[in-house]
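To start, the structure under review is shown below, and the notes come after it.
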Amino acid sequence: MSPRELLARWLARQLPAEAAAWLEKSAAQVQSSGKDADLYMTVSLVTRKVGKADLTLSDADLREAQASRPGWDPRMWSADQAARVLLVLAQEADPARLARCLDQLCNTADVSELAAFYRGLPLYPNQLRYVARATEGLRTNMKNVFEAIAHRNPYPSEQFSEGPWNQMVLKALFVGSPLWPIAGLDRRGNPELARMLCDYAHERWSAGRPVSPELWRCVGPHATGAMLQDLERVLNKGTDQERAAVALSLRGSSDPAAAKLLNGDPVLAAASRGLSWERLVSAG
């Protein structure tokens, strides 16, 4: 089943009959009319017609989402966001039209609409077409829009080159957004990002500001030389949460020097074996 079919099924199940009928009719109209104005008008009515309740999904629904589009994670979607993406996808047979309309919609969208369109990025045809749009979206000062791209979204890890990817991770820390929901975070880690994050940590230390323990997740697997010294500093002087984060990050390194550093505290090394980044952050 395609993502569009899944969205339609989930919404039909959840919405009141009148709202579900309106959405089904509107999607068919957008698909058949060929008029961009039909999409713009319908999208503008979504909140009033559909409401803003969370999209209710079961574990089976989430498995179907993964099977339909690997990496797709709609757990944080709302009903109005799902409806907007469904309406955009009504044009998926005409990718050029879809891209043209999506540009116009993003240019005029409010915050909630913009978050919806960015959550839909992994579902649109011709994925490379939207890289510039996605990187532009990351420049926003609106945290929920930024997280619509960065969190639970496979698009950045699949389509971004190293530079934009690294900037996205760094900005997440800058705006106080957690790293653990970023899809592909460990797979896309790289030495340049590790160096950037250590520089950022030094800036924070110099200003007497705390450093997010999650930062070290992207450093440990690529740490050498001075970066290992930064990790050692945290192991010696950091809070319990920071030390646990460094221990967890060092588990991802194949460098013998990293293993030696980790094993310098056997109790901490043992405790890190049963730890995940999500648990570490939620316990902080």
Side-chain angles (χ1 to χ4, degrees), residues 1-33 35-58 61-62 64-66 68-69 71-92 97-125 130 133-134 136-138 140-155 177 181 183:
M1 190 173 290
S2 71
R4 179 163 67 97
E5 291 169 330
L6 286 176
L7 288 170
R9 191 181 76 187
W10 297 338
L11 288 164
R13 179 184 66 199
Q14 177 173 335
L15 296 176
E18 184 178 351
W22 173 85
L23 183 60
E24 182 180 6
K25 181 180 177 180
S26 298
Q29 176 69 16
V30 168
Q31 183 177 17
S32 63
S33 73
K35 298 177 181 179
D36 297 354
D38 286 343
L39 174 64
Y40 304 148
M41 176 61 70
T42 304
V43 164
S44 71
L45 296 173
V46 163
T47 300
R48 180 155 59 91
K49 295 288 188 177
V50 172
K52 294 186 174 183
D54 292 340
L55 187 62
T56 303
L57 299 173
S58 66
D61 294 329
L62 295 174
E64 284 190 302
Q66 284 284 333
S68 177
R69 200 299 186 190
W72 182 27
D73 183 353
R75 275 178 290 181
M76 303 303 293
W77 289 36
S78 60
D80 60 309
Q81 289 174 343
R84 289 188 174 97
V85 173
L86 172 63
L87 291 168
V88 171
L89 289 176
Q91 305 173 101
E92 62 186 350
R97 180 189 175 206
L98 189 154
R100 180 181 69 245
C101 289
L102 188 64
D103 276 340
Q104 178 62 26
L105 287 168
C106 288
N107 289 339
T108 59
D110 63 23
V111 173
S112 179
E113 291 170 344
L114 203 54
F117 299 138
Y118 284 133
R119 287 191 191 278
L121 280 170
L123 308 183
Y124 306 140
Y130 303 101
R133 167 62 62 186
E136 179 182 337
L138 289 172
T140 181
N141 292 322
M142 297 174 285
K143 188 175 179 181
N144 58 335
V145 174
F146 173 84
E147 290 181 347
I149 303 171
H151 283 181
R152 304 183 187 278
N153 191 335
Y155 190 87
S177 182

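All figures in this text were calculated on a predicted structure; none of them were measured in a lab.
Residue K52 qualifies as open at atom NZ: its count of foreign heavy atoms under 6.0 Å is 12 or below. For CE of M142, the number of neighbouring non-hydrogen atoms (other residues, nucleotides, ligands) closer than 6.0 Å is greater than 12.
Although no hydrogens or angles enter the test, the distance criterion places no donor-acceptor pair under 3.5 Å between the side chain of R133 and the main chain of L121. With hydrogens and angles ignored, the 3.5 Å screen pairs a side-chain donor or acceptor of S44 with a backbone N or O of M41.
Distance check, rounded to the nearest 0.5 Å: CD of E92 to CG of L123 gives 9.0 Å. Here the straight-line distance linking atom CG of L87 with atom SG of C101 works out to 11.5 Å at 0.5 Å rounding. To the nearest 0.5 Å, the span separating CZ on R75 from NE2 on H151 amounts to 12.5 Å. In this structure, CG on L62 lies 5.5 Å from CG on L57, to the nearest 0.5 angstrom. For the atom pair D61 CG and R9 CZ, the distance stands at 6.0 Å (nearest 0.5 Å). Taken from CG in N153 to CD in E147, the straight-line distance is 12.0 Å, to the nearest 0.5 Å.
Closest approach of F117 to A109, counting heavy atoms only: CE1-CB, 4.1 Å. Between Y155 and A134, the closest heavy-atom pair is CE2-CB, 3.9 Å. What you find for W72 and P154 is that their closest heavy atoms are N-CG, 4.2 Å. Here the shortest heavy-atom pairing between L98 and P125 reads CD1-CD, 3.8 Å. Across all non-hydrogen atoms, the minimal contact from W10 to L55 is CE3-CD2, 4.0 Å. The shortest non-hydrogen separation linking A90 to R4 is N-CD, 3.9 Å.
With sequence neighbours excluded, the residues forming a side chain to side chain donor-acceptor pair (under 3.5 Å) with D36 are R97, R100, listed by chain and number.
In this structure, L39 and L105 have side chains that are in contact, with non-hydrogen atoms separated by less than 4.5 Å.
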Which pairs would a plain distance check flag for residues 78-85, meaning a side-chain donor or acceptor within less than 3.5 Å of a matching protein atom at least two apart in sequence or in another chain?
{"from": "S78", "atom 1": "OG", "to": "D80", "atom 2": "OD1", "distance (Å)": "2.6"}
{"from": "S78", "atom 1": "OG", "to": "Q81", "atom 2": "N", "distance (Å)": "3.4"}
{"from": "S78", "atom 1": "OG", "to": "Q81", "atom 2": "OE1", "distance (Å)": "3.4"}
{"from": "D80", "atom 1": "OD2", "to": "R84", "atom 2": "NH1", "distance (Å)": "2.9"}
{"from": "D80", "atom 1": "OD2", "to": "S112", "atom 2": "OG", "distance (Å)": "3.3"}
{"from": "Q81", "atom 1": "OE1", "to": "S78", "atom 2": "N", "distance (Å)": "3.2"}
{"from": "Q81", "atom 1": "OE1", "to": "R119", "atom 2": "NE", "distance (Å)": "3.1"}
{"from": "R84", "atom 1": "NH2", "to": "T47", "atom 2": "OG1", "distance (Å)": "2.7"}

Show me the side-chain donor-acceptor pairs of residues 23-32 shorter than 3.5 Å, one per line, residues at least two apart or across chains.
{"from": "S26", "atom 1": "OG", "to": "W22", "atom 2": "O", "distance (Å)": "2.8"}
{"from": "S26", "atom 1": "OG", "to": "W22", "atom 2": "NE1", "distance (Å)": "3.4"}
{"from": "Q29", "atom 1": "NE2", "to": "D38", "atom 2": "OD2", "distance (Å)": "3.3"}
{"from": "S32", "atom 1": "OG", "to": "A28", "atom 2": "O", "distance (Å)": "2.9"}

